[in-house]
Amino acid sequence: RGGRSASAMRVEKCYFCSAPVYPGHGMMFVRNDCKVFRFCGSKCHKNFKKKRNPRKVRWTKAFRKSAGKELTVDNSFEFEKRRNVPVKYQRELWSQSVKAMKRIEEIKQKRQARFVMNRLKKSKVLQTKADIKEVKQNIHLIKAPHADKSKKLEEKIVEILPENMEMAEDS
């Protein structure tokens with residue numbers, strides 16, 4: 001069909017949420033100064049028109065990165081930026097680039113997984129500290145009010161039992 005390969009398709013990024021915008025999808029807004037804004041859908045377009053800051057809207061990629069919830073600085077992102085530069089076609093270079101892109105994607109996935117696991121470890125430690133603090137504050141709910149008395153009773157019974165045994169043996 002038309003002699004074009006599947007790699008000729010240009011996938012843009014949504015200006016607001018950074019989601020991929022495929023050809024024929026989304027909206028494009030061109031400002032008077034010829035700056036082009038692409039949006040994945042009406043939700044992002046409406047938020048842009050309302051002059052909302054993507055870093056303050058919680059569901060955007062920009063918010064997740066600025067809040068430290070996603071990996072922001074990594075060498076693998078540099079390769080993505082370099083990929084967008086047009087280069088003269090050479091078959092060997094193209095095949096090497098495709099292999100490198102796959103390998104870089106694997107590395108990026110591993111690093112992001114490690115980043116998420118480190119975040120979860122920190123939250124787990126904080127959660128255990130909070131749990132311990134809550135237990136200490138509300139120990140009266142866990143510990144029965146007469147728990148100390150029952151221990152004392154047990155000790156008395158343990159003391160009394162040998163005496164009773166001695167009396168039983170004497171008679």
Side-chain angles (χ1 to χ4, degrees), residues 1-138 141-142:
R1 285 186 145 194
R4 289 183 123 191
S5 65
S7 65
M9 178 174 77
R10 181 172 292 275
V11 179
E12 304 287 343
K13 281 204 170 172
C14 175
Y15 175 80
F16 198 79
C17 71
S18 304
V21 181
Y22 293 96
H25 292 265
M27 277 178 243
M28 189 189 321
F29 170 67
V30 183
R31 206 164 50 190
N32 286 341
D33 61 352
C34 296
K35 172 117 172 73
V36 178
F37 299 95
R38 295 178 188 276
F39 302 104
C40 57
S42 63
K43 180 180 181 182
C44 293
H45 188 226
K46 286 174 184 172
N47 278 296
F48 176 79
K49 285 196 290 188
K50 290 178 181 176
K51 297 185 178 180
R52 289 202 175 133
N53 188 347
R55 286 175 301 207
K56 292 184 180 177
V57 180
R58 293 185 68 90
W59 50 267
T60 61
K61 198 84 153 171
F63 173 84
R64 294 188 60 76
K65 285 187 177 181
S66 66
K69 296 187 178 293
E70 278 190 16
L71 200 57
T72 52
V73 181
D74 193 35
N75 296 337
S76 60
F77 296 130
E78 296 300 320
F79 289 103
E80 279 186 21
K81 290 175 186 171
R82 230 183 280 166
R83 237 180 12 211
N84 290 333
V85 178
V87 181
K88 186 178 178 187
Y89 175 76
Q90 296 171 353
R91 180 177 283 197
E92 290 177 25
L93 181 66
W94 190 81
S95 62
Q96 287 176 347
S97 297
V98 170
K99 287 179 185 174
M101 284 165 53
K102 289 178 183 174
R103 180 72 182 126
I104 289 165
E105 191 60 34
E106 287 175 21
I107 291 168
K108 193 162 77 170
Q109 293 294 332
K110 286 180 184 175
R111 287 181 180 171
Q112 284 178 339
R114 194 178 314 125
F115 179 79
V116 168
M117 291 308 293
N118 288 337
R119 275 188 60 231
L120 292 176
K121 283 180 188 174
K122 289 176 187 173
S123 68
K124 198 165 196 171
V125 169
L126 291 173
Q127 184 64 40
T128 53
K129 284 182 180 177
D131 291 344
I132 290 169
K133 184 179 177 184
E134 188 177 356
V135 167
K136 284 181 180 176
Q137 285 177 347
N138 300 318
L141 297 174
I142 299 170

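In this text the structure is predicted, and so the values were computed from the model without any measurement. Hydrogens, waters and symmetry mates play no part in the numbers below; they use all other heavy atoms, side chains included.
The nearest pair of heavy atoms linking Arg52 to Phe16 is O-CE1, 3.4 Å. Minimum interatomic distance between Val21 and Lys13 (heavy atoms only, all atoms of both residues): CG2-C, 4.1 Å. The shortest non-hydrogen separation linking Trp59 to Cys44 is CH2-SG, 3.8 Å. Summarising the geometry of Lys69 relative to Phe63, their closest heavy-atom pair is CE-CE2, 4.5 Å, with the distance given to 0.1 Å.
Among Arg103, Gln109, Lys102, the single residue meeting the side chain to side chain donor-acceptor pair (under 3.5 Å) criterion with Glu105 is Gln109. Looking at Ser18, Cys17, Pro20 one by one, the single match for side chain to side chain contact (heavy atoms under 4.5 Å, CB included) with Cys40 turns out to be Cys17.
Atom NZ of Lys122 is separated from atom CG of Asn118 by 6.5 Å, given to the nearest 0.5 angstrom. Atom CD of residue Glu12 and atom OH of residue Tyr22 lie 12.0 Å apart, to the nearest 0.5 angstrom. From Lys49, atom NZ reaches atom NE2 of His45 across 4.5 Å, with rounding to the nearest 0.5 Å. Going from atom CD of Glu134 over to atom CD of Gln127 covers 9.0 Å, rounded to the nearest 0.5 Å. Between atom CG of residue Asp131 and atom NZ of residue Lys124 there is a gap of 11.5 Å, rounded to the nearest 0.5 Å. To the nearest 0.5 angstrom, Phe48 atom CZ is 12.5 Å from Met27 atom CE.
Crowding of Arg55 atom CZ: a count of heavy atoms from other residues, nucleotides or ligands under 6.0 Å not exceeding 12. Within a 6.0 Å radius of NZ in Lys35, other residues, nucleotides and ligands contribute more than 12 heavy atoms. A 6.0 Å sphere centred on CG of Asp33 holds more than 12 heavy atoms belonging to other residues, nucleotides or ligands. In the displayed structure, Gln137 atom CD is contacted under 6.0 Å by more than 12 heavy atoms of other residues, nucleotides or ligands.
Counting only heavy atoms from C-beta outward, the side chains of Ile132 and Lys136 approach each other to under 4.5 Å.
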- Which is it for Val125 and Lys121 under the side-chain contact (heavy atoms from CB on, under 4.5 Å) test, yes or no, and what are the steps along the way? CA-CA 6 Å; Val125 169; Lys121 283 180 188 174; 5.7 Å; no
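Using modelled atom types, no side-chain atom of Arg10 and backbone atom of Pro23 make a donor-acceptor pair closer than 3.5 Å.
A perpendicular orientation is assigned to the rings of Tyr15 and Phe37, their planes being inclined by more than 60° (bins at 30° and 60°).
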